[in-house]
**Q** 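Dropping the structure in here first, questions after.
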2 protein chains.
Amino acid sequence: MRMTTLSTDEIRIFVLGELLVRKMQKRPTLKDVAAYSQVSIISASRALRGLENVSPELRAKVEAAADALGYSRNPIAGSLRGQSSDLVVVLVPAMTNNVFPAVVDGIYAGLSQTGLGVVLGLTGYGIESEERVLRNMLAWSPAGLVLSGSEHTDDTEAMLAEFDGPIVEVMDIDGETERSQVGLSHLEAGRMMADHFLKCGYRRIGYIGAWGEQPLRSRKRRISFEEELRRNGVELVGRFIHPDPSSVSVGAESFDRLIEEHSDLEAIFFANDDLALGAMSNALDRGLSIPDDMAFAGFNGLDVCDVVRPHLTTIVTPRFEVGCLAGKIIADTFRTGENKGPQQRRELALELRQGGTTRLRNA
Amino acid sequence: MRMTTLSTDEIRIFVLGELLVRKMQKRPTLKDVAAYSQVSIISASRALRGLENVSPELRAKVEAAADALGYSRNPIAGSLRGQSSDLVVVLVPAMTNNVFPAVVDGIYAGLSQTGLGVVLGLTGYGIESEERVLRNMLAWSPAGLVLSGSEHTDDTEAMLAEFDGPIVEVMDIDGETERSQVGLSHLEAGRMMADHFLKCGYRRIGYIGAWGEQPLRSRKRRISFEEELRRNGVELVGRFIHPDPSSVSVGAESFDRLIEEHSDLEAIFFANDDLALGAMSNALDRGLSIPDDMAFAGFNGLDVCDVVRPHLTTIVTPRFEVGCLAGKIIADTFRTGENKGPQQRRELALELRQGGTTRLRNA
DNA sequence: CTGTTAGCGCTTTCAT
DNA sequence: ATGAAAGCGCTAACAG
């Protein structure tokens, strides 16, 4: 161990540093780090950011100082100076809906260790509401945007076109757009279930939706479901769209309504698992035998589809994986500083296929 | 309609304004609004913020300008100047867990129309992870903090003590703290279920948990559950804590394990509904009659408890309402600029009782 | 009631 | 390789 003689100046600064460490109420700034390590502020900045033109000694000194002072960068100041913040804005309809929680967890996973934070915006369904929330969020100069769905208002489209940074739309890949999309085709999902019903020999088929078909995605599934049936010579017997948001009880109630008019249905496709589970419970209460008297199918692939008797037929969606890939795309674009082209996106999309695919379960 | 003669200067500014409206790539700043309305920047700021000392004419002029230019405040700049941002940091373990999505929706509801944004931090269970995430988030100088649970590391406690703004802990009110807490007593919940089991006449009782009892809240429930049983002369026959996170399948697997050793249990209390549902499904597969052969009880009060046969006994928790109240407390403190004392908090807490209470369902 | 001055903490020029 | 100066957009603090 080597003793060092400190100059008075160094001592002064050292003492200052110690004081800073001990009783500074406010968080240490770059200025403090610079003073402590006796370099200019900008040098401290460069060193801490790991830029090229910094001597190893200076870097070491600064890093030691930052460490000693417990310095952490103020992202707000950095964001003001630079063009964008370290925040990723994520816009989803709501959390209590069984699809977006997993997506959000996935986004986190995909974004992990990038230093990017997630600002969550709840749009409550409805693209006008989405527009309002987005306008608000844009004020944060986000580093990236994750939206749900591919239907937006014209004003939203304009804002997105103007936005300079990665944009990923999740859970719907049917829209016509130049933007990155990660998710599944709801048109395909609708067809998938129609084909399944037909293969099972069902001919008298019904449909139940909710919330006036807000999230537009459910409407896409219904439309393509109906079209695929029709293409095979089967006309949908009846449908009921409940005005309220999806839930188990709304499913049960909707079942009552639909059965009122069409008591002889062989199978019903639901906009999601919650509705289907509620209806199934109702049907069991009525003494119906499932699937012999009537078959039920939902959408999403919730775990609980496997705990009801009989198991609920559903379409599993790779929600976590979708979020994960979305996060990775944002992170990657952020890191490299440039938007990826379609080719690159396709490569990333391949990863997704390995993680999980949209598929039937309990069929 | 009155024609006005514009001075050359006014024309110049007017034209500048028009240009700004039309082809400005960057978002208009306060400076642009000030130029457009021909007042000083600070006056524009004051007018827009609705401060007192502003003449109606000036205010009108500025508001018109802001409207014409499509101005919206840059919260980043404001945050840098002031001490805190307009962001509320919300720290929860994970979204895919059936309790926090509702809480987050509630927080949004409680925060609505305050202009406060929500930065979501996922701590993935474990208070060390929480500490790390919090340290990171604190860099955003949040306007408020919402944490889940009341157990924290010492360093977290230190950060919280230093934090100058409202802090609310949600979903657990058992901890010893000076901070605002909104949620439920897990000790009470455990007792509640023990009493219910005893009232039903069950004596050979088991318990199943998961994730090594991470979120500590589940452990509290178990402990008080066991204690209440013991207080009534009943000793817990057996328990199994699965190392993996809760899920339907983990519940089913844990059931296997517990039954291996104790096949003659009369009733099992689970750390949550997911585990219970999985186990119930398993038990049905084994040909057990529920609840005659064996009774099951979960925790949370998920909707799906009502769609399984027989309905799953559970404890309903007011998750949305808890989040809502937490949001309101933050919003209120933010608006008035001062932390409320315990008295005030108790008043706010009364609201909660009206919204929803922790109670037994399907008992 | 309105404006001028200064500065939040950081980073992008532009020197040296 | 290092530093000085300027300024991001906004708002307290002080004039007038």
Side-chain angles (χ1 to χ4, degrees), chain A residues 20 24-63 65-66 69-87 115 138-141 143 164 337, chain B residues 20 24-63 65-66 69-87 115 138-141 143 164 337:
Chain A
L20 285 171
M24 198 165 41
Q25 301 94 319
K26 59 187 206 63
R27 299 174 47 229
T29 73
L30 206 43
K31 192 168 152 190
D32 300 321
V33 175
Y36 192 95
S37 47
Q38 305 173 61
V39 299
S40 71
I41 294 176
I42 183 60
S43 291
S45 171
R46 278 198 274 251
L48 258 17
R49 274 182 300 159
L51 295 190
E52 295 299 323
N53 305 328
V54 179
S55 70
E57 305 85 53
L58 193 148
R59 190 185 303 275
K61 224 173 21 174
V62 171
E63 272 166 0
L69 295 176
Y71 169 80
S72 69
R73 176 176 176 281
N74 180 339
I76 295 180
S79 303
L80 179 57
R81 191 63 186 88
Q83 284 317 324
S84 91
S85 69
D86 297 346
L87 291 171
L138 245 23
W140 286 101
S141 311
D164 178 35
Chain B
L20 285 171
M24 197 164 43
Q25 302 94 318
K26 59 190 207 58
R27 298 173 50 229
T29 72
L30 207 43
K31 192 168 152 191
D32 301 319
V33 175
Y36 192 93
S37 47
Q38 305 173 61
V39 298
S40 71
I41 295 177
I42 185 65
S43 291
S45 171
R46 278 198 274 251
L48 258 19
R49 276 183 296 157
L51 295 192
E52 295 299 324
N53 305 329
V54 180
S55 71
E57 304 86 52
L58 191 149
R59 188 184 303 274
K61 225 173 18 175
V62 171
E63 273 168 358
L69 296 176
Y71 169 79
S72 69
R73 177 176 177 279
N74 181 339
I76 296 180
S79 304
L80 179 56
R81 190 59 187 87
Q83 285 315 325
S84 93
S85 69
D86 297 347
L87 292 171
L138 245 22
W140 286 102
S141 311
D164 178 35

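Below, chain A is the first sequence line, B the second, and so on; all start at residue 1. Every heavy atom of this structure was used, including side-chain atoms; hydrogens, water molecules and symmetry mates were not.
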**Q** What's the shortest heavy-atom distance between A:Ala66 and A:Val33, and which atoms?
**A**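 The pair with the smallest heavy-atom distance is N-CG1, 4.0 Å.
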**Q** What is the distance from atom CZ of A:Arg46 to atom CZ of A:Arg59, rounded to the nearest 0.5 Å?
**A**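 One finds 11.0 Å between CZ of A:Arg46 and CZ of A:Arg59.
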**Q** Taking A:Ser141 for its side chain and A:Ser85 for its backbone only, find out whether a donor-acceptor pair lies under 3.5 Å.
**A**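 It does not hold such a pair.
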**Q** Give me the residues of residues 45-55 of chain B where at least one heavy atom lies under 4.0 Å from an atom of DNA chain C, by number, or none.
**A**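 Only B:Arg46, B:Asn53, B:Val54, B:Ser55 qualify.
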**Q** Return the value, rounded to whole Å, for the distance between atom CZ of A:Arg81 and atom C1' of D:dC10.
**A**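 For the pair A:Arg81 CZ and D:dC10 C1', the rounded distance is 15 Å.
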**Q** Quick check on DNA chain D: between A:Ile42 and B:Ile76, whose nearest nucleotide comes earlier from the 5' end?
**A**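 The residue closer to the strand's 5' end, by nearest nucleotide, is A:Ile42.
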**Q** To the nearest 10 degrees, how far apart in direction are the end axes of the helix from C:dC1-D:dG16 to C:dT16-D:dA1, each fit to five base pairs?
**A**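 Answer for the end axes of this duplex: 40°.
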**Q** Between A:Asn74 (CG) and C:dG9 (P), how many Å, whole number?
**A**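 Value for this atom pair: 7 Å.
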**Q** Not counting sequence neighbours, which residues clear side chain to side chain contact (heavy atoms under 4.5 Å, CB included) with B:Leu58? List them please.
**A**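 B:Leu58 satisfies side chain to side chain contact (heavy atoms under 4.5 Å, CB included) with B:Val39, B:Ser43, B:Ala47, B:Val54, B:Ser55, B:Val62 only.
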**Q** Quickly work out the A:Leu30 CG to D:dA4 C1' distance and round it to whole Å.
**A**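 Checked: the CG to C1' distance equals 15 Å.
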**Q** Find the distance B:Gln38:CD to C:dT2:C1' and express it as a whole number of Å.
**A**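 To the nearest whole Å, that distance equals 15 Å.
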**Q** Taking all non-hydrogen atoms of both residues into account, name the closest pair between B:Leu80 and A:Ile76 and its distance.
**A**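 Scanning both residues, the minimum pair turns out to be N-CG2, 3.7 Å.
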**Q** Under 4.0 Å: is that the gap between some side-chain N or O of A:Arg73 and OP1 or OP2 of C:dT11?
**A**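 Indeed, a polar side-chain atom of A:Arg73 lies that close.
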**Q** Send over the distance from A:Leu69 CG to C:dG9 C1', rounded to a whole Å.
**A**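 Nearest whole value for this atom pair: 15 Å.
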**Q** Report yes if at least one side-chain N or O of B:Ser40 is closer than 4.0 Å to OP1 or OP2 of C:dG3; otherwise report no.
**A**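 For C:dG3, OP1 or OP2 has a side-chain N or O of B:Ser40 closer than 4.0 Å.
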**Q** Kindly compute the distance separating CG (B:Asp32) from OG (B:Ser37), expressed to the nearest 0.5 Å.
**A**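 So the CG of B:Asp32 and the OG of B:Ser37 are separated by 10.0 Å.
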**Q** List the residues meeting side chain to side chain contact (heavy atoms under 4.5 Å, CB included) with B:Asp86, not counting sequence neighbours, and say none if there are none.
**A**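 Here the qualifying residues are A:Trp140, B:Arg73, B:Pro75, B:Leu116, B:Phe334.
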**Q** Please report, rounded to the nearest Å, how far the P atom of C:dC10 is from the CG atom of A:Asp86.
**A**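 My rounded result for the distance is 13 Å.
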**Q** Do you know which two heavy atoms are closest between A:Leu30 and A:Tyr71, and how far apart they sit?
**A**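 Distance-wise, the nearest heavy atoms are N-CE1, 3.4 Å.
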**Q** Residues two or more places apart in sequence or in another chain: which of them pass side chain to side chain contact (heavy atoms under 4.5 Å, CB included) with B:Leu138?
**A**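 With sequence neighbours excluded, B:Leu138 shows a side chain to side chain contact (heavy atoms under 4.5 Å, CB included) to B:Leu134, B:Pro142, B:Leu145, B:Met159, B:Phe163, given in chain and number order.
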**Q** Just how far, in rounded Å, is P of C:dG9 from CG of B:Leu80?
**A**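 The distance from CG of B:Leu80 to P of C:dG9 comes to 7 Å, rounded to the nearest Å.
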**Q** A:Leu58 has a side chain; which of D:dT2, C:dC8, C:dT4 sits nearest to it?
**A**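 Nearest to the side chain of A:Leu58 among the choices is D:dT2.
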**Q** Would you say C:dT2 has OP1 or OP2 under 4.0 Å from some side-chain N or O of B:Ser43?
**A**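 So the side chain of B:Ser43 is outside the cut-off, no N or O lying under 4.0 Å from OP1 or OP2 of C:dT2.
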**Q** Let me know the distance between CD1 of A:Ile41 and P of D:dA4, rounded to the nearest Å.
**A**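 Going from A:Ile41 (CD1) to D:dA4 (P), I get 9 Å.
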